[in-house]
Number of protein chains: 2
Amino acid sequence: MTLISIGRLSDETGTKIPTIRYYESIGLLPEPPRTASNRRLYDPHAVARLRFIRHARDLGFEIEAIRDFLGLMDHPGGPCHHAHGLVRQHLEAIDAKIAQLQAMRHAIERVSPNCPYNRVEQCPAIEVLSDHALCPDGCP
Amino acid sequence: MTLISIGRLSDETGTKIPTIRYYESIGLLPEPPRTASNRRLYDPHAVARLRFIRHARDLGFEIEAIRDFLGLMDHPGGPCHHAHGLVRQHLEAIDAKIAQLQAMRHAIERVSPNCPYNRVEQCPAIEVLSDHALCPDGCP
DNA sequence: GCTACAATCTCCAGCGACTAGAGGATCAAG
DNA sequence: CTTGATCCTCTAGTCGCTGGAGATTGTAGC
């Protein structure tokens, strides 16, 4: 069982050191054992857990959702309906975000990249932002 | 020239009142005139400016970018190269976000919506989050 | 006029998810 | 034995809002 320092954990998971300590402070990562000189020591299980957290964060899950996942994983005999619900909800949220971004893209795309004018008053880049009719979805 | 209250401005633009005051505090909206009893009064120009701000925020522009846009619009005779640069940069950022979300979606999609198991230990929803090989792009 | 109640004012504190810095202790290498 | 990297705790800052406390004002009904 190889124990590693916080710096090593940081390198291996691509997580900044303060972020690791932050996850510990909010209870996502358990308090690790320490050396005689008070330095944190992490085992492979902690590495996996942090990697899971980072992966889920990269996928856009919120901390509280991840806390739920970790809670489920800490009770491996239990039912997993809740996990499915979380994932499904998140998929829907992702689809909504993608749709919104694509609408955005189309709205912004209308801006001619080669503006024939050179003055702000006639600039389509400013216009597309000002023109209410070009809103992707119904804005107030 | 119809002057409206902050509540009215809030309703017309779909912006919460504290948000309007926040925009004023950071200098995005100018300090409006007040009634004798110190209440803010907004003219149609302020409504348009706030709508512009909200629209740009909905499109994902950061406050500082919006400040730039507004600065450009306040000098309507000047050149607009900068506005184009901002919009182009933003388009690139949107494309990157869309790509990332789609990668996410594919990763999460692998989770079977009808899990044949009913226990967390065999649940593919948990697995897809744990399995490092399913990462959308090279994670550490 | 009086009483409710809604709207507004200022100021301050908090959210999420980190990130950065100060100031001090400890480790590993030369 | 010194140097520099790494670690510790603690505090405060980031962004873009959001909400509450407590005081004042505007409006409507009686």
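Labels below follow one simple rule: chain letters A, B, ... track the order of the sequence lines, proteins then strands, and each chain is numbered from 1. From a predicted model like this one, the values you see are computed outputs, not experimental measurements.
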Output all residues satisfying side chain to side chain donor-acceptor pair (under 3.5 Å) with [X], sequence neighbours left out; order by chain, then residue number.
| X | value |
| --- | --- |
| B:Tyr22 | none |
| B:Glu92 | none |
| B:Glu31 | none |
| B:Arg21 | none |

Let's see if you get this right: which residues in residues 16-33 of chain A place a heavy atom under 4.0 Å from DNA chain D? A:Ile17, A:Arg21
How would you list, by chain and number, every residue that makes a side chain to side chain contact (heavy atoms under 4.5 Å, CB included) with [X], sequence neighbours excluded?
| X | result |
| --- | --- |
| B:Arg39 | B:Thr35, B:Ser37 |
| A:Arg8 | A:Ile4, A:Ser5, A:Glu12 |
| B:Thr19 | B:Thr15, B:Lys16, B:Tyr23, B:Arg54 |
| B:Asp68 | B:His82, B:Leu86 |

Contact pattern, 5' to 3', of nucleotides 22-29 of chain D - B, S or - by protein heavy atom under 4.0 Å: --BBS---
Can you tell me the distance, in whole Å, between the CZ atom of A:Arg34 and the P atom of D:dC7? 12 Å
Using a strict threshold of under 4.0 Å (side-chain N to carboxylate O), is an ion pair present between B:Arg40 and B:Glu24? yes
Leading and trailing nucleotides of DNA chain C with any atom under 4.0 Å from heavy atoms of chain A: C:dA17 to C:dC27
